[in-house]
Amino acid sequence: MASFNKVVLVGRLTNDVETRSFGNGGMVSKFRFAVNSRKKNSQTGNWEDEPMFIDCEAFNRGEFGKLADRIRDYCKKGQQILIEGKLHLEQWDDKTTGAKRSKHKVVVDNFEFMDTKQDGAGGPRGGGSYSPPTPRQNSNDDVPQDDGGGYDQQPPPAAGKEEDIPF
């Protein structure tokens with residue numbers, strides 16, 4: 001029987017990233033992540049957010065893997081990111097009661113910034129800003145112009161301010 005373990009979530013960091021180094025030179029970055037689900041309150045009829053809090057870990061893997069470093073350096077509390085990873089079941093014995101305990105966490109394989117430009121600095125923390133591409137200029141009249149079906153087209157105007165564009 002085949003199995004598949006892949007998680008893709010968009011949410012916000014609920015704390016700053018904590019890192020720990022290993023004796024072999026490796027590193028792990030740990031953070032808590034909140035994802036909201038929307039549900040309708042049957043008493044009021046209003047939609048309400050129902051947060052789910054998830055523990056996440058990212059490792060530096062392999063010779064060129066620097067995922068834990070990038071998360072440590074560029075992610076901070078309150079920032080919205082998309083994470084891709086795998087569910088991992090962590091099990092332990094409770095020291096006070098001796099009972100078996102367990103929880104699921106996400107082992108992060110990749111992440112993307114979702115926040116828009118916030119402080120004018122751009123860069124990874126602010127998510128950067130969007131500049132539409134300029135149309136291609138052809139100096140030869142024999143070359144057909146773009147008919148609008150290609151990728152050089154400007155995106156449709158967004159509702160709201162440029163800061164609201166999610167890329």
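Throughout, numbering of the chain's residues begins at 1 and tracks the sequence.
The side chain to side chain donor-acceptor pair (under 3.5 Å) test with Asp55 is passed by exactly one of Lys105, Arg32, His88: Arg32. With Leu87 as reference, Asn5 is the one residue of Val107, Asn5, Ile54 to meet the side chain to side chain contact (heavy atoms under 4.5 Å, CB included) rule.
Using cut-offs of 30° and 60° on the angle between ring planes, the pair Phe22 and Phe59 is parallel.
Side-chain atoms of Val35 and Pro51, non-hydrogen and from C-beta on, never get closer than 4.5 Å to each other. Side-chain atoms of Phe31 and Glu57, non-hydrogen and from C-beta on, never get closer than 4.5 Å to each other. In this structure, the side chains of Leu67 and Val108 come closer than 4.5 Å at one or more pairs of heavy atoms. Using a 4.5 Å heavy-atom threshold, the side chains of Asp49 and Ser37 count as separate. Under the 4.5 Å side-chain criterion, counting only non-hydrogen atoms from C-beta, Phe33 is in contact with Leu9.
Taking CD of Glu112 as the reference point, atom CD1 of Ile83 lies at 12.0 Å (rounded to 0.5 Å). We find the CZ-OG distance between Phe111 and Ser29 to be 9.5 Å, quoted to the nearest 0.5 Å.
Arg61 has a carboxylate O that lies under 4.0 Å from a charged side-chain N of Asp109, or vice versa, which qualifies the two as a salt bridge. Using a 4.0 Å cut-off between a side-chain N of Lys or Arg and a carboxylate O of Asp or Glu, Glu48 and Lys39 do not qualify as a salt bridge. Using a cutoff of 4.0 Å between basic side-chain nitrogens and carboxylate oxygens, Lys76 and Asp16 are not scored as salt-bridged.
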Kindly indicate, with the supporting measurements, whether the criterion side chain to side chain contact (heavy atoms under 4.5 Å, CB included) is fulfilled by Asn60 and Asp69. CA-CA 7 Å; Asn60 284 347; Asp69 290 335; 3.3 Å; yes
Checking side chain to side chain contact (heavy atoms under 4.5 Å, CB included) for the pair Lys77/Thr14: CA distance, chi angles, key distance, verdict? CA-CA 5 Å; Lys77 179 180 179 177; Thr14 63; 6.0 Å; no
Test Lys100 against Asp93 for side chain to side chain contact (heavy atoms under 4.5 Å, CB included), laying out the working first. CA-CA 5 Å; Lys100 285 241 181 234; Asp93 293 324; 3.7 Å; yes
Walk me through whether Lys86 and Val106 qualify under side chain to side chain contact (heavy atoms under 4.5 Å, CB included). CA-CA 5 Å; Lys86 300 181 250 331; Val106 174; over 6 Å; no
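Smallest separation of non-hydrogen atoms from Ile71 and Ala58: CD1-CB, 3.4 Å. In this structure, Val17 and Arg72 approach most closely via the heavy-atom pair CG1-CA, 4.0 Å. Shortest non-hydrogen contact noted between Gln79 and Tyr74 is OE1-O, 3.1 Å. The two residues Gln43 and Asn41 make their nearest non-hydrogen contact at N-OD1, 2.8 Å. Here the closest non-hydrogen pair linking Ser21 and Met27 is OG-CE, 3.9 Å. The shortest heavy-atom contact between Leu89 and Ser102 is CD1-CB, 3.9 Å.
Between the Asn24 side chain and the Gly26 main chain, a donor and an acceptor come within less than 3.5 Å of each other.
In the displayed structure, Lys95 atom NZ is contacted under 6.0 Å by at most 12 heavy atoms of other residues, nucleotides or ligands. For CD of Glu18, the number of neighbouring non-hydrogen atoms (other residues, nucleotides, ligands) closer than 6.0 Å is 12 at most.
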